[in-house]
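Both backbone and side-chain heavy atoms feed into the values below; hydrogens, waters and symmetry mates do not. Every chain is numbered from 1 and lettered A, B, ... according to where its sequence line falls, protein lines coming before strand lines. Everything quoted here is computed from the prediction, not taken from an experiment.
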Amino acid sequence: MVAARPIMRATRALIPTLKEAPADAVNASHALLLRGGYVRRVGAGIYEYLPLGLRVLRRVERVVREEMDRSGALEVLLPALLPADYFKETGRWDVYGDVLFRLRDRKGSDYHLGPTHEEIITDLVRREIRSYRDLPKNLYQVQVKFRDEPRPRGGLLRCREFLMKDAYSFDRDEAGAQASYDTMRAAYRRIFDRLGLTYRIVAADSGTIGGSTSAEFQVLADSGEDAIVACSACEYAANVEAATVQPSAPVATDAPAPTLAKVHTPGHGAIADVATFLGVAASQMLKSLVYSAKDGPSAGQTVLAVVRGDHEVNEVKLARAVGASEVFLATDAEVERATGSKVGFAGPVGFGGTVFVDPEAAAVASGVTGANEADHHLTGVVHGRDYTGTLVDLRLAAAGDPCPTCGAKLASYRGIEGGHIFILGTHYSAKMGARFLDDDGQEKPLVMGCYGIGVSRLVAAAIEQNHDADGILWPMAIAPYHVHVVSIGADAAVTTATETLVAELEARGIDVLWDDREERPGVKFKDADLIGIPLRVTLGAKALASGNVEVKPRTERDPKKAELVPLAGAADAIAARVRASLG
RNA sequence: CGGGGCGUAGCGCAGCCUGGUAGCGCACUCGGUUCGGGACCGAGGAGUCGGAGGUUCAAAUCCUCUCGCCCCGACCA
């Protein structure tokens, strides 16, 4: 329990609630943070935290700090304003592109605002750590970060200036790095548990940084940007981009081999369209998409990806198969050049370039696909007989697919990435010459890991996950106050009783917001629901006449179900409830 | 960066098509009546109509340029 600050009276606070949400607030969290008087927008992806918003932010920070400290990590504070030298050293000055906020000082030297701090921390460590005796080390900071996002959105969910906790671990070897990673993973579990969030730890695509081991902490919310699949039976969960798919066993068929035939399908290019027109199931179609590779062996050429008509192509997997860092759907002109036909009629039969085929597409016994000829499709297409191609898992995992670990069905969720942990290896330390002397007398590069938590994003994520039509439902651990005391009417007895109760709560370490405004009860209740403090304690002449106060959790929708608690022991009872929900 | 949309009082909007010098609701101030789920009556205060230029006797309104913001997509903690 954190020491309580003096109780806050609504009449002295700055909690400018709004009846109507600003028109540009689309997400629940965005609208409610604005309406509840938590934040105000200053520019695209730039926000002010008003007193209530700052309190929530600090609560999240506090949990994060406590668990980081407990895990043995050491807090530092690195600059947000950085000389360009470090990013130039690793090449990110060029690679990072427009996302980097760049500036010049009066002498004309290049600077930028830190979007992340691998280089800076690596520089610190290479200067200060010489020996294996100094290892392992895990340094973290809670710092404002800047990214000139192409499209800030969702209020606090994707900002250009945001608060992040980032930690970097330094070890002698891979085994040590793995141990540091495991420690962080455990710390993150405690953090997300304590924050009261429902989340999944998912396997992630490690992206271009080339991390070997990585996991995302996804806060489940329907409005989440990330699609994830999780097993209904075992622990398996993955970002759809990273999810592997177990090909289902091919169905044995006694049907005779079909004959290849060309059919006229004027104007029918889209899968659903062709399927309806020809009267076949989408699962019998061979969806054929033309891609171009950004780099790698196929750079500049187009390749064909074939998946079953009812499946989607996973571009991350395709890029890996192609050997490129990224693939792009070909432009119409490229498609026409590659297929010799207009868009909508591509197919693997007779395709002039490299073909990648998902096993489940290959398993289609009698496929229907584009004929690489305008307004024509082929039916009775058989893999191996009519076309070939590299067999490789290409499809995007979807709900209902078998779990790659245990075979049970996968369910799909939307998630907000609240944390990301991964092992970096020697990527940065090698480039920047961050070495130490090992006990065998050899100089070796440090093995690094990095671990991020989007602190300000979690504030929004918590709301996305915990709100109703009336407002926010804060988990106790991050609520701006534990208890919202609402006094009804100007009755002297009510005021006296409230003052006493509020003082007693404060003495018990409970953070209290007291709505002492001269407002009608309805206004106060509406604001209380909006603000979302987990426990509401109402003092009114009626209940007080029988010596009671009313206690109602924010989660209880029916005001009649408020619990009557004798005023005499109210402070203890309420404090006990707060402590219980803090775990 | 591609597509779409919006900038008029603190917030939500109307007015623009068909130019005549700005209005509604909420919020705010004052008075009164109310008082357990966003009260009512009356009286007020508050707007460079995003900015610049142009057309015109006259521009929120028409034209050009520009800045900002939002949504979808691409991209990402």
Side-chain angles (χ1 to χ4, degrees), chain A residues 16-27 30-31 34-35 37 40-46 96-100 114-117 143-166 204-205 207-209 214 216-219 224-226 239 241 294 315-316 326-329 331 415-422 450-461 470-471 486-491 494 515 517-530 536 538-545 550 552 557-560 562:
Chain A
T17 57
L18 266 21
K19 276 192 188 176
E20 292 172 291
D24 51 15
V26 177
N27 291 281
H30 191 189
L34 253 16
R35 286 193 54 209
R40 288 293 184 258
R41 194 184 67 82
V42 171
I46 307 173
Y96 232 91
D98 293 336
V99 177
L100 207 56
T116 175
H117 285 75
Q143 167 71 285
V144 177
K145 309 250 178 183
F146 300 87
R147 294 184 192 176
D148 194 358
E149 286 288 339
R151 182 144 97 81
R153 74 185 104 168
L156 258 34
L157 285 171
R158 177 168 300 283
C159 286
R160 294 197 294 173
E161 172 179 320
F162 56 98
L163 192 67
M164 187 168 165
K165 186 284 304 179
D166 55 332
D205 179 67
T208 46
I209 304 169
S214 109
E216 292 172 349
F217 284 67
Q218 290 277 358
V219 177
E225 289 182 318
D226 296 321
N239 193 306
E241 289 187 350
K294 182 183 182 183
E315 296 185 358
V316 174
E326 224 176 331
V327 291
F328 302 99
L329 210 48
T331 61
I416 297 163
E417 185 178 353
H420 198 160
I421 56 176
F422 52 103
C450 87
Y451 318 94
I453 288 182
V455 176
S456 50
R457 173 182 277 185
L458 282 181
V459 172
D470 295 320
V486 178
S487 51
I488 302 294
D491 198 282
V494 170
D515 191 347
R517 295 175 302 170
E518 288 179 24
E519 286 287 355
R520 300 161 63 84
V523 172
K524 295 189 172 197
F525 293 144
K526 286 289 183 190
D527 270 350
D529 287 346
L530 214 207
R536 190 180 84 194
T538 308
L539 288 94
K542 268 190 230 164
L544 217 50
E550 296 161 53
K552 187 187 83 67
R557 299 299 307 278
D558 186 356
K560 294 192 185 69

Among the nucleotides [options], which one has an atom lying closest to any side-chain atom of [X]?
X        : options             : answer
A:Thr538 : B:A39, B:G36, B:C75 : B:G36
A:Val523 : B:G38, B:C71, B:G36 : B:G38
A:Arg520 : B:C11, B:U34, B:C75 : B:U34
A:Lys542 : B:G36, B:C69, B:G38 : B:G36
A:Leu530 : B:G37, B:G38, B:G36 : B:G38
A:Glu20  : B:G37, B:A39, B:G12 : B:G12
A:Ala23  : B:C13, B:C69, B:C11 : B:C13

Reckon A:Lys19 has a side-chain N or O less than 4.0 Å from the OP1 or OP2 of B:A27?
yes
B:C71 OP1/OP2 closer than 4.0 Å to side-chain N/O of A:Arg151:
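Checking A:Arg151 against B:C71: at least one side-chain N or O falls below 4.0 Å of OP1 or OP2.
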Give me the distance, rounded to whole Å, that separates [N] from [M] when you measure between the [atom1] atoms they each carry.
N     : M     : atom1 : value
B:G4  : B:C49 : P     : 28 Å
B:U55 : B:C11 : C1'   : 35 Å
B:G42 : B:G36 : C1'   : 27 Å
B:U8  : B:A46 : C1'   : 14 Å
B:A22 : B:C69 : C1'   : 24 Å

Could you tell me how far apart A:Leu539 (CG) and B:C35 (C1') are, to the nearest whole angstrom?
17 Å
Let me know the distance between NZ of A:Lys526 and P of B:G38, rounded to the nearest Å.
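Rounding to the nearest Å, NZ of A:Lys526 and P of B:G38 are 6 Å apart.
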Heavy-atom check, side chain of [X] versus side chain of [Y], under 4.5 Å:
X        : Y        : value
A:Leu157 : A:Asn27  : yes
A:Tyr96  : A:Pro115 : yes
A:Asp148 : A:Asp98  : no

Return the nucleotide paired to [N]: Watson-Crick means purine N1 to pyrimidine N3 with N6-O4 or O6-N4, wobble means G-U with N1-O2 and O6-N3, both under 3.5 Å.
N     : result
B:U34 : none
B:G53 : B:C63
B:A74 : none
B:C69 : B:G5
B:C17 : none
B:C26 : B:G10

Hey, does the side-chain of A:Arg35 have a donor or acceptor N/O within less than 3.5 Å of a partner on the base of B:G38?
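Yes, the side chain and the base share a sub-3.5 Å donor-acceptor pair.
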Ignoring hydrogens and angles, answer whether the base of B:G37 and the side-chain atoms of A:Arg536 contain a donor-acceptor pair closer than 3.5 Å.
yes
Describe the nucleic acid contact of A:Gly540 in one word from base, sugar-phosphate, nothing, applying a heavy-atom distance below 4.0 Å.
base
Among A:Lys19, A:Arg35, A:Arg517, the one residue meeting side chain to side chain donor-acceptor pair (under 3.5 Å) with A:Asp527
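The residue from A:Lys19, A:Arg35, A:Arg517 that satisfies side chain to side chain donor-acceptor pair (under 3.5 Å) with A:Asp527 turns out to be A:Arg517.
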Could you tell me whether the side chains of A:Glu216 and A:Asn239 share a donor-acceptor contact shorter than 3.5 Å?
yes
Salt-bridge test for A:Lys552 and A:Asp558: reply yes if a basic N is under 4.0 Å from a carboxylate O, no otherwise.
no
Taking for each residue the nucleotide of RNA chain B with the nearest heavy atom, is it A:Pro22 or A:Glu149 whose nucleotide lies nearer the 5' end?
A:Pro22
